[in-house]
2 protein chains.
Amino acid sequence: MRQKSYQDIRALVLARIHAQIWPPGARIPGEADLAAEFGCARATVNRALRELAEAGLIERRRKAGTRVAVNPVRKATLELPVVRLEVEGRGETYDHKLLLRETETPPDHVRARMNLPAGVRLLHLKTLHMADACPYMFEDRWLNRRTATGIDAADLNRISANEWLVQNVPFSGGDIAFFAAAASGDEAGALNIAPETAIFVVERTTWRGLDPVTATRLAYAPGYRMTTRI
Amino acid sequence: MRQKSYQDIRALVLARIHAQIWPPGARIPGEADLAAEFGCARATVNRALRELAEAGLIERRRKAGTRVAVNPVRKATLELPVVRLEVEGRGETYDHKLLLRETETPPDHVRARMNLPAGVRLLHLKTLHMADACPYMFEDRWLNRRTATGIDAADLNRISANEWLVQNVPFSGGDIAFFAAAASGDEAGALNIAPETAIFVVERTTWRGLDPVTATRLAYAPGYRMTTRI
DNA sequence: CAGGTGAATATGTGCAGACATAATAAACTT
DNA sequence: AAGTTTATTATGTCTGCACATATTCACCTG
C-alpha cells in the first residue's frame, strides 16, 4: 500500500475503532495529525472521516474535534425502486392490473396528509401488482392533477402509475411510513387473502415544492420482507 | 452568491433536473463545462454531482458522462437508534424489564441466521421495552458469548442488552428485515394485546467480521410506525 | 466483416495551500 | 463573580493542478 487512498484511511480508522484503540467517546487525533501519520494530504483524511461521520460512527465538531460515537446511530439505507424493477430484479415476471380509475373526493385522512382544502377532487387509482401471476402488492393511490399534469393521457394499463410518475413528475421530497396492519376488505380481496391477515404497509406522500403530488398506500402480500444491510 | 459552494451547485443542477431542462435520461454537461459555467473549480462540481449520484438522482460513468436517472431509485435512510433514545426523543419516559436470561440451544432458524454449527448454546434474552409505562416493544435476542464477551457481567436490569451491545461490542455489519406478522402468544402476552394482532417486526443479525454477534427479533406494539423523509 | 488494439475522454482521486466558520478557551472588563 | 470580548483551534470547503482509471470509439488487421 504505497499510495494511500481515502478508502484506506477510512478502513484504518475504522479498524482502530473496532479494536477499541479509540473507544467510544474518545477523541481521535486531528486531521492534520492523522495526515502526517498516514503520510497523505489532509483533504484525504477529511474525506475518510467525513464518510465515517455520515455513517454515524464518529461525531465531528469544529474546534471540539472528532470523537468516536457513544451511541452509533446506525443508518440503514432502503432502496425504493419502482415495483416492476423490484419484481424483475428477483427474476420474476411482472404484471399489473388497473382496478379503479375515478375522480373522487378523498377521505379526510388522505386530504390531511396531502394538506389540501376541503372539497377538492382527486384522481383515485387502485392497482394490483403481480409477480409471476400471483398478487404481490395492492396500491391505493390518490393523485393531484395540478401537479401530476398529463396523467389523464397516460395509458395506465401499459405503464403503472407508479412508473409513469417517476418518469414524468419529478418530485422534490416525500414522507414515508412503514407499519403493520390488518388487511382491509378491499386489500384482502385484491391480494386474495383472508381479511384481518397481518400485512406490511408502506404509506408515502410526495411533494413538488409545497404542492402535493400523490398519496399512496401500498399493501404487500403476506410474506413480504423489506431487507437491507448496514 | 459571489462565491459558489458545492451545495449551491448541487441545488442549481437539481433545479435544472426538476425543471426538466435536463430531462430523465439526458446527458448533462461534463464537470469541466459546468465548472466553467458556474465559475468554480472542477472539484466543487465533482462533489455536488457525487452527492446527487449517491442520492440516486443521476448516474455517472467514466468516459460515458453523467446522465439524469430514468428511474430514480429513491434511497430512504432510516435511523436505527437505541430504543431508549427513540422513546426519550419523543418526550416519553423509558423503562425496560428483563423477562428472561437463560443459556439455551437456539431454534434452527436462529442458528441458520447466525451461521452457527448445530449444538451451540447461546444466551437467550427476552426484554420488554416500555414508553410511559406502556408496552412499547418486545425484544427476543440470542447472543453469541464468543463475540459478546463480558455480557455475563453486565447488569441488564439497569442497561438494556441493546444499549450494552452498541457501547461494548463494535460490530462491522448486519442484516435487517422489516415485515408484518401476527403476534405470537409470547409477544401478545408481553405487549398485552390479543394474539394474532398484526404487529410490525424488525429482525436484525449483526456480525463482527465473519462471526455472528447477536440475532434479534423486535416486535413493536400495534400503532408503531417507522417513518422517514426522502 | 469480426475481432483485437490503442487513442481519446469523462469521471475518480490525490495534493498542497488558502481562507471560512464554528466553537471553545482565555483574557479582560465591570 | 459574572458577563463580554478576543484569540485560538479543528473542522469545513474552495482552488488549481496532476495523474489514475474505466470506458468508449475509431482504427487497424486478418
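Labels below follow one simple rule: chain letters A, B, ... track the order of the sequence lines, proteins then strands, and each chain is numbered from 1.
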Open item on the list: Between Tyr224(B) and Phe200(B), is the ring centroid distance below 6.0 Å?
Closed with: yes
Expressed in angstrom and rounded to an integer, what is the separation of [X] atom [atom1] from [N] atom [atom2]?
X	N	atom1	atom2	result
Arg60(B)	dA10(C)	CZ	P	12 Å
Glu51(A)	dT11(D)	CD	P	17 Å
Glu59(B)	dA10(C)	CD	P	19 Å
Tyr6(B)	dT13(C)	OH	P	16 Å
Arg10(B)	dC14(D)	CZ	C1'	16 Å
Phe38(A)	dT13(C)	CZ	P	19 Å
Asn46(B)	dT21(D)	CG	C1'	14 Å
Glu54(B)	dT11(C)	CD	P	16 Å

- [ ] Remember a base hit wins even if backbone is also touched, and classify Arg67(A) as base, sugar-phosphate or nothing at under 4.0 Å, heavy atoms.
- [x] nothing
TODO: Select from Ala32(B) and Ala64(A) the residue whose nearest nucleotide in DNA chain C is closer to the 5' end of that strand.
DONE: Ala32(B)
Of the options [options], whose atoms approach the side-chain atoms of [X] most closely?
X	options	answer
Lys63(B)	dG16(D), dG12(C), dT23(D)	dT23(D)
Ala41(B)	dT13(D), dG12(C), dT15(D)	dT15(D)
Cys40(A)	dT24(C), dT15(D), dC15(C)	dC15(C)
Ser5(B)	dG12(D), dC14(D), dG14(C)	dC14(D)

Would you say [X] reaches [N]'s phosphate, i.e. side-chain N/O to OP1/OP2 under 4.0 Å?
X	N	answer
Thr66(B)	dT11(C)	yes
Arg61(A)	dA22(C)	no
Thr44(B)	dT15(D)	yes
Arg62(B)	dT9(C)	no
Gln7(A)	dT13(C)	yes

Open item on the list: Less than 3.5 Å apart, any donor N or O on the side chain of Tyr94(A) or Glu86(A) sitting next to an acceptor on the other?
Closed with: no
Task: Side-chain donor-acceptor pair present, Thr66(A), Arg60(A), cut-off under 3.5 Å - done: yes
Task: Nearest-nucleotide comparison on DNA chain D, the residue closer to the 5′ end among Ala43(A) and Leu49(A) - done: Leu49(A)
Open item on the list: If the threshold is 4.0 Å, N to carboxylate O, is there a salt bridge linking Glu163(B) and Arg84(B)?
Closed with: yes
Open item on the list: Please determine whether a side-chain nitrogen of the Lys or Arg among Arg229(B) and Asp175(A) lies less than 4.0 Å from a carboxylate oxygen of the Asp or Glu.
Closed with: yes
Task: side-chain hydrogen bond (donor to acceptor under 3.5 Å, both in side chains) evaluation trace for Asp132(A) with Thr93(A) - done: CA-CA 5 Å; Asp132(A) 279 349; Thr93(A) 58; 3.1 Å; yes
Open item on the list: Base of dG12(C), side chain of Arg42(B) - is there a donor-acceptor contact under 3.5 Å?
Closed with: yes
